[in-house]
S.K.: 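Sharing a structure here in structure tokens format.
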Amino acid sequence: MGSFFAGVKAGTLGGFLYVGGTAVFNVALLYLLKPDVLGFIQQQYSTLCTPGAVVNATSGLEECFSSVVAVDVPYIAFVAFFVVLAYAGLFGILYDSIPSGSPTLKGEFFAMVAGVNLFVFGYSGFFFDEPSSIATGVFAAVWTAVFGYLLGRLYKRYTRPVAVGSDDPALLKVMVDGRDLTGRTRTFALTSSHKLRAELTNDASFREWQVTGGVTVEDSKSFETVVEINGEGTLKGVVTSKY
């Protein structure tokens, strides 16, 4: 398990750039290929863009084009942002479970998954002819890779790894927020606090918590306390056998 909130935080900043950059590209592409766009609108949406008695055909198409730029592009960006944010939160939750690799590679993997979903559900851009399809496809691939890099780097910036252990795992298990993290290294959100408890067998007595680095506990002699993460470090429960 990783940090959901750190993933969302990284996804908010990285996703804003990702979605915002995509929206700017889409608008630029629409204007660059405007004659093709107008032809596509006239062919595919003639009933919606048929001019009335007052406006002529050119005015009707221009209104439809303006609607695409002013309404469709922002709507796509709005939905895409929340899709990206959801995947960023999932990225944070599953971060420590992803097979070993750098934060960048893990971010790239989840960015690719998010990008594929945006494409499948039609939120990655406009594909109204061959030139637009090629341009949008190339941009989406490159920009998704950039987003993946940012997602991984930002997540690393907002978290710190902590190695959790016990001097005798058979007698004491370290429970953090209700999960057994004995013998594991997990990423925690920076400046976060978590419930800490030592789960003991009947023939063991709790002795103390030992910490290093940026890890602190409120009461090192209490089997149930709070651990605070202000940097990378270690957390170990020390136990004494009753016999």
Side-chain angles (χ1 to χ4, degrees), residues 1-18 84-114 144-200 206-239:
M1 299 292 288
S3 172
F4 169 80
F5 294 106
V8 169
K9 190 174 181 180
T12 299
L13 297 177
F16 183 80
L17 178 62
Y18 179 50
V84 168
L85 205 59
Y87 274 100
L90 186 62
F91 168 71
I93 292 174
L94 300 178
Y95 182 85
D96 293 329
S97 302
I98 301 174
S100 59
S102 68
T104 300
L105 290 178
K106 293 182 179 183
E108 294 288 3
F109 172 75
F110 260 81
M112 179 189 68
V113 174
T144 298
V146 172
F147 169 62
Y149 173 81
L150 290 175
L151 182 63
R153 300 301 296 180
L154 287 172
Y155 182 84
K156 182 180 179 181
R157 179 179 178 180
Y158 299 138
T159 59
R160 292 296 183 271
V162 175
V164 182
S166 167
D167 67 336
D168 192 337
L171 298 178
L172 183 152
K173 295 186 183 300
V174 182
M175 310 296 291
V176 181
D177 292 334
R179 292 187 292 270
D180 182 7
L181 299 183
T182 310
R184 303 178 186 178
T185 297
R186 182 193 162 184
T187 54
F188 292 88
L190 193 59
T191 67
S192 62
S193 299
H194 307 270
K195 293 182 179 180
L196 176 64
R197 182 172 60 86
E199 189 173 273
L200 304 165
F206 179 76
R207 181 178 175 185
E208 65 177 353
W209 297 107
Q210 294 180 351
V211 295
T212 64
V215 182
T216 59
V217 293
E218 288 187 354
D219 187 351
S220 62
K221 299 299 183 180
S222 174
F223 79 99
E224 189 171 7
T225 183
V226 174
V227 59
E228 298 178 354
I229 312 300
N230 295 298
E232 182 177 352
T234 63
L235 167 67
K236 184 171 74 173
V238 180
V239 66

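Hydrogens, waters and symmetry mates are skipped; everything else that's a heavy atom, side chains included, is used.
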S.K.: Does the pair F109 and L105 meet the rule for a side-chain contact (heavy atoms from CB on, under 4.5 Å), with working shown?
M.R.: CA-CA 6 Å; F109 172 75; L105 290 178; over 6 Å; no
S.K.: Just so I know, are the side chains of V217 and V211 near enough to count as touching, which here means a heavy-atom distance under 4.5 Å?
M.R.: yes
S.K.: Are the side chains of R179 and R186 in touch, meaning some heavy atoms are under 4.5 Å apart?
M.R.: yes
S.K.: Taking the side chain as C-beta and beyond, is there a heavy-atom pair between I98 and F91 under 4.5 Å?
M.R.: yes
S.K.: With no hydrogens and no angle check, is any side-chain donor or acceptor of D180 less than 3.5 Å from a backbone partner on K173?
M.R.: no
S.K.: Any chance you could measure L85, atom CG, to F16, atom CZ, to the nearest 0.5 Å?
M.R.: 12.5 Å
S.K.: Can any side-chain N or O of T182 pair as donor or acceptor with the backbone N or O of V174 at less than 3.5 Å?
M.R.: yes
S.K.: When you measure from the centre of the six-membered ring of Y95, is the NZ or CZ of K106 under 6.0 Å away and within 45° of the axis?
M.R.: yes
S.K.: I would like to know whether Y155 and S3 meet side chain to side chain donor-acceptor pair (under 3.5 Å); could you show each step before the answer?
M.R.: CA-CA 9 Å; Y155 182 84; S3 172; 5.1 Å; no
S.K.: Given L235 and L196, is the side-chain contact (heavy atoms from CB on, under 4.5 Å) satisfied, shown in steps?
M.R.: CA-CA 10 Å; L235 167 67; L196 176 64; 3.8 Å; yes
S.K.: Between the side chain of S220 and the main-chain N/O of E208, is any donor-acceptor distance below 3.5 Å?
M.R.: no
S.K.: Is the shortest heavy-atom distance from the side chain of L200 to the side chain of V239 under 4.5 Å?
M.R.: yes
S.K.: I need the L190 CG to I229 CD1 distance, nearest 0.5 Å.
M.R.: 9.5 Å
S.K.: Which residues satisfy the salt bridge (charged side-chain N to carboxylate O under 4.0 Å, His left out) test with E108, sequence neighbours excluded?
M.R.: none
S.K.: Is it the case that the side chain of S222 and the backbone of T225 share a donor-acceptor pair, with hydrogens and angles ignored and the cut-off at 3.5 Å?
M.R.: no
S.K.: Determine, step by step, whether V215 and F188 satisfy the side-chain contact (heavy atoms from CB on, under 4.5 Å) criterion, reporting the C-alpha distance in whole Å, the side-chain angles of both residues, the deciding distance to 0.1 Å, and the verdict.
M.R.: CA-CA 11 Å; V215 182; F188 292 88; over 6 Å; no
S.K.: How many angstroms lie between atom CZ of R157 and atom CG of L13, to the nearest 0.5 angstrom?
M.R.: 8.5 Å
S.K.: With the side chain counted from C-beta on, respond yes when M175 and K195 share a heavy-atom pair under 4.5 Å apart, and no when they do not.
M.R.: no
S.K.: Once you round to the nearest 0.5 Å, how far does OG1 of T216 lie from CH2 of W209?
M.R.: 13.5 Å
S.K.: Show, in sequence, the C-alpha distance, side-chain angles and deciding distance for L150 and L17, and conclude whether the side-chain contact (heavy atoms from CB on, under 4.5 Å) test is met.
M.R.: CA-CA 9 Å; L150 290 175; L17 178 62; 3.4 Å; yes
S.K.: Do H194 and V226 touch side chain to side chain, with heavy atoms closer than 4.5 Å?
M.R.: no
S.K.: Using side chain to side chain donor-acceptor pair (under 3.5 Å), reason through D96 and T187 one step at a time and then give a plain yes or no.
M.R.: CA-CA 7 Å; D96 293 329; T187 54; 3.2 Å; yes
S.K.: How long is the gap from CZ on R207 to CG on D168, to the nearest 0.5 Å?
M.R.: 13.0 Å
S.K.: Which pair of non-hydrogen atoms, one from T159 and one from A6, has the smallest distance, and what is that distance?
M.R.: CG2-CB, 3.3 Å
S.K.: Over 60° means perpendicular and under 30° means parallel, so classify the ring planes of F206 and F223, tilted if in between.
M.R.: perpendicular
